[in-house]
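In this text the structure is predicted, and so the values were computed from the model without any measurement.
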Amino acid sequence: MNQRLLLCLLAVAAAFLVAPLPAEEEFTPVDITLGDRAVVMELAEGVRRVRLRIRQDDGTWKPCTIAHLQGNERYLKLRLPDNTAEEDIEVAASFTDPFPYSYYLGQTSFEPTAGNTGAYQPYAFSRNGLDDSMVVPLSTTPDAETSPEATVEESDIWKWRGDTLYFFNQYRGLQVIDVADPAAPERLVTHPIPSGGEQMYLHPSADLVALLAHDPMNGQGEVVLVRHPSPRVLDEQQRISLPGSILESRMIGSILYVVCRHTREIRTTDSETGDQHVIWRSGITVTKIDLSNPDQPDITPALDLTSDRYNYWGSQVQATPKALLISTTAYDSTLRQSVSTVHVVDISNPEAKPVVTHHLPVAGQVLNKFNLSLNENILTVVSQVWRGETTRRRFASVETFDLGTSTSRPLGSVEFAPNETITATRFVGDLCYVVTFLRIDPLFVVSLADPAQPRLLGELEIPGFSTYLEPYGKDALISVGVEGS
């Protein structure tokens, strides 16, 4: 008999021999947030089961879902049947489970049969310690079959809408230019902004422009919302103060995410001498501004990443519709090099506030946002590392991390390009292209088809060095860079 099956049978027998606690004594209600066909909840430490019940037409409560947990999850999201009223939902948690968590691991997906037609499945908002049937990758949504995924938009100083060109000039403010006749463009209207800025977004459906600028009064960043109701009219609608200086931003659908850095002064007093000491602590905040209703923006309190454990300088930001990837860098005196940490911020639920799910230390320094890629649950990070005790040599490192687990250890890694500096990176499907430079420019190709075993496929040497790569069709790249001087 299969050993695993035997252990399961013994565990079942033991469960029947021990008098169980009444179900109602094991489960206690928990607070939930009702979203789009789902409930989201924050879990206490040690919760092992979460039960979702739905009230039937006859007034009885029918169990709908039971999620078995490892005990260290922070958040959980459970799907609801269609057309379920809030008063007909009951969610309760238990700190007990009749079986060890390991018994719920293994195959959880099977071909449909007469008795297994498949209903809605729970999925993990935290993605930590849940069986595979509950884990939904960051890059998918429960309604992915019917709802197109929102795209991630980066800011710019030029934005087009039809024959209208919006230009955010850091000296003159917002300018609107009519280019219906390309031979005779006409500036229609200007809205002065008394501070510099170079990040602008257009609302996807409303006549609204979002400008990210610097507030000269307090040194902080701010979002300026400007209406453009008619060709020659610009009306400032609102200014939203931000908790720090703006690092980066992204707009996903009609939701604007702004990443800021702040520095706080902390004063301490020596208990023996009475001397006062000043400590400056840096941190990062993520502000979510929902512009679904342009007339009344919904501003979520900023997520503060300040911590004694991490240094929040040298930040790079990358984004997908499901996560913000924020890398920060600090010097490690033991390794004698700068080392980055990637902070994963879950934004998969548009109705929930952003939450940090992972802090992932990597082998070296993340040089720019193109060094970060998230494909479903697999995060790939390219970093510059240094090796050697007396003679220090540079290498390029590619590491993969599985965000479906709570571990911070890499899933797989590969190092190459000794004594070369990374100048460009591009991810295309299951391939990662890395350009390094010393005297000539090797273009390395790394396969990510098996995330646990990244594999170096080959390299190409060309003069000079590339600073940017762009896919061209399925089998080619366009490289932009410098040859000679």
Determine yes or no for a side-chain-to-main-chain donor-acceptor pair under 3.5 angstrom, with [X] supplying the side chain and [Y] the backbone.
X      : Y      : value
Thr380 : Thr400 : no
Glu459 : Pro442 : no
Ser466 : Tyr468 : no
Ser383 : Gly364 : yes
Glu153 : Pro204 : no
Gln384 : Phe395 : yes
Glu73  : Gln70  : yes
Asn375 : Ile378 : no
His358 : Leu360 : no
His343 : Val356 : no

Do the side chains of [Y] and [X] get nearer than 4.5 Å, heavy atoms only?
X      : Y      : answer
Leu303 : Thr285 : no
Leu69  : Arg48  : no
Arg161 : His228 : no
Lys288 : Ile347 : no
Ile240 : Ile299 : yes
Val40  : Leu76  : no
Val434 : Arg426 : no
Phe416 : Val446 : yes

Exercise for the section: Please lay out, stage by stage, how Leu379 and Val381 fare under the test side-chain contact (heavy atoms from CB on, under 4.5 Å). Expected result: CA-CA 7 Å; Leu379 170 67; Val381 182; 3.9 Å; yes
Exercise for the section: Only counting residues at least two apart or in another chain, list the ones meeting side chain to side chain donor-acceptor pair (under 3.5 Å) with Gln316. Expected result: none
Heavy-atom closest pair, residues [X] and [Y]:
X      : Y      : result
Ser479 : Leu469 : CB-CD2, 3.9 Å
His262 : Ile284 : NE2-N, 3.9 Å
Pro185 : Pro182 : CD-O, 3.5 Å
Met200 : Ile157 : CE-O, 3.3 Å
Phe401 : Ser408 : CE2-O, 3.5 Å
Gln199 : Glu248 : OE1-C, 4.1 Å

Drop me the distance from [X]'s [atom1] to [Y]'s [atom2], to the nearest 0.5 angstrom.
X      : Y      : atom1 : atom2 : result
Thr328 : Leu305 : OG1   : CG    : 8.5 Å
Ile246 : Glu198 : CD1   : CD    : 10.0 Å
Cys432 : Asp430 : SG    : CG    : 11.5 Å
Lys77  : Thr33  : NZ    : OG1   : 11.0 Å
Glu376 : Asp402 : CD    : CG    : 11.0 Å
Arg250 : Thr151 : CZ    : OG1   : 12.5 Å

Exercise for the section: Might you confirm whether atom CZ of Arg392 has over 12 heavy atoms from other residues, nucleotides or ligands at distances under 6.0 Å? Expected result: yes
Side chains of [X] and [Y]: do they bring a donor and an acceptor to under 3.5 Å?
X      : Y      : result
Glu470 : Tyr472 : no
Thr467 : Thr423 : no
Arg394 : Thr421 : yes
Ser254 : Ser292 : yes

Exercise for the section: Evaluate the criterion side-chain contact (heavy atoms from CB on, under 4.5 Å) for residue pair Gln220 and Ser245; output intermediate values, then yes/no. Expected result: CA-CA 5 Å; Gln220 307 287 69; Ser245 57; 5.7 Å; no
Problem - Residue pair Leu324, Tyr257: steps toward the side-chain contact (heavy atoms from CB on, under 4.5 Å) verdict - result: CA-CA 9 Å; Leu324 294 176; Tyr257 295 92; 4.2 Å; yes
Exercise for the section: Report the relative orientation of the aromatic rings in Trp158 and Phe167; use parallel for angles under 30°, tilted for 30 to 60°, perpendicular for over 60°. Expected result: parallel
Practice task
Among Leu208, Leu256, Val223, find the one that has a side-chain contact (heavy atoms from CB on, under 4.5 Å) with Tyr201.
Solution key: Leu256
Practice task
Begin with the C-alpha distance, continue with both residues' side-chain angles, and end with the deciding distance and a verdict on side-chain contact (heavy atoms from CB on, under 4.5 Å) for Asn293 and Asp298.
Solution key: CA-CA 8 Å; Asn293 181 356; Asp298 183 10; over 6 Å; no
Handout entry: Basic-acidic side-chain contact under 4.0 Å: Lys369, Glu154
Key = yes
Exercise for the section: I would like to know whether Asn371 and Thr425 meet side-chain hydrogen bond (donor to acceptor under 3.5 Å, both in side chains); could you show each step before the answer? Expected result: CA-CA 6 Å; Asn371 293 168; Thr425 303; 2.9 Å; yes
